[in-house]
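We use all heavy atoms of the structure for the numbers below, so side chains are in, but hydrogens, waters and symmetry mates are not. We're numbering straight along the sequence, starting at 1.
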Amino acid sequence: MCEEAACPNIGECWSKKHATVMILGDTCTRACAFCNVKTGMPRAVDRMEPQNVADAAAQMGLNHIVITSVDRDDLPDGGASQFVKVIQAIRASNPTTTIEILTPDFRNKAQAAIESIVEARPDVYNHNLETVPRLYPTIRPGARYYASLRLLESVKKHDPSIFTKSGVMLGLGEERLEIHQVMDDMRCADIDFLTMGQYLQPTPRHAKVAEFVPPKAFDAYASIARAKGFLLVASSPLTRSSYHAGDDFERLRANRDAKLGVARI
């Protein structure tokens, strides 16, 4: 995934043995204006993929792994069952590895698809809102803002012990008060962790950068987000969904324990 998405942090993350794995192929059924992953008709699901991912995690010695995927609107469950199989395979082969998933929205799929993933009990369930509702028709045309919010809310209701996480990109033309409203919407959905990063145009055919947001603005957004009650906030120009994911997971646990007054041994 690090290569497919043209992530600017790839050198740092790989040097620290941090990795994000993309399952369900390399071809997406949608064409979001910000994303560098190719669009088209995906291949059949690889039945060996769950065990291959588990084996790779073991060989790389990963303490924390992030699993994401392309959108698979062509599949009856959107690929949810493959997420479940990957989680189960990692748990069986690497029981101490913590698992973070970054899923599509499973739009127009049965609620059971999402619930099946929750019941597999990943440690973190991430799904990005990406931008403010006003910009969805041009930036994320295949998705619906409130459907994404409901997905994250349903995860928390089904299993409150799972950390929920979501992120937005800045610099696409959003207004400051719109970002504040997105934060409020996230907190209403009981989302624990917010990430905010600068949008960078991957190729000339993608959406243009409307603004390069200064670091001080990212700091200000982070202060506001913490005041609104997020357990953890990561906000900087180079922040991405999986950036420092393993370290952030430990901080999430520590912050929750501190909030609950739990002494960790």
Donor-acceptor pairs under 3.5 angstrom involving side-chain atoms of residues 210-230: please list them, not counting sequence neighbours.
| unit_1 | atom_1 | unit_2 | atom_2 | d |
| --- | --- | --- | --- | --- |
| S223 | OG | D219 | O | 3.2 |
| K228 | NZ | D184 | OD1 | 2.8 |

Practice prompt. Just jot down the salt bridge (Lys or Arg N to Asp or Glu O under 4.0 Å) partners of R30, sequence neighbours excluded, or say none.
Written response: D71, D73, D105
Practice prompt. Please name all residues satisfying side chain to side chain contact (heavy atoms under 4.5 Å, CB included) with A189, sequence neighbours left out, ordered by chain then number.
Written response: L149, E153, I191
Response to the item:
All heavy atoms of L172 vs all of A207, minimum pair found to be CD2-CB, 4.4 Å
Practice prompt. Check side chain to side chain donor-acceptor pair (under 3.5 Å) between T203 and all other residues, then give those that pass, not counting sequence neighbours.
Written response: H206
Item to complete: Tell me, please, which residues at least two apart from D74 pass side chain to side chain donor-acceptor pair (under 3.5 Å).
Response: R72
Worksheet item: salt bridge (Lys or Arg N to Asp or Glu O under 4.0 Å) with D46: which residues, sequence neighbours excluded?
Response: none
Item to complete: Using the test salt bridge (Lys or Arg N to Asp or Glu O under 4.0 Å), find all partners of K208 that sit at least two apart in sequence or belong to another chain.
Response: none
Worksheet entry | Which residues share a side chain to side chain contact (heavy atoms under 4.5 Å, CB included) with S154, sequence neighbours left out | Q111, I114
Practice prompt. Sort and list the pairs that fulfil salt bridge (charged side-chain N to carboxylate O under 4.0 Å, His left out) and have at least one residue in residues 123-146, not counting sequence neighbours.
Written response: R91-D123, R134-E178
Discussion item. Between E49 and K85, does any NZ, NE, NH1 or NH2 come within less than 4.0 Å of an OD or OE carboxylate oxygen?
Written reply: no
Fill in: 4.5 Å side-chain heavy-atom contact, T27 and V70
no
Practice prompt. Sorted by first residue and then second, give each ring-ring contact (aromatic ring centres under 6.0 Å, His included) pair with at least one member in residues 99-140; sequence neighbours left out.
Written response: Y136-Y145
Discussion item. Run the side chain to side chain donor-acceptor pair (under 3.5 Å) test against E115 and tell me which residues pass, sequence neighbours left out.
Written reply: none
Discussion item. Please enumerate all residues that pass salt bridge (Lys or Arg N to Asp or Glu O under 4.0 Å) together with K156, with sequence neighbours excluded.
Written reply: D192
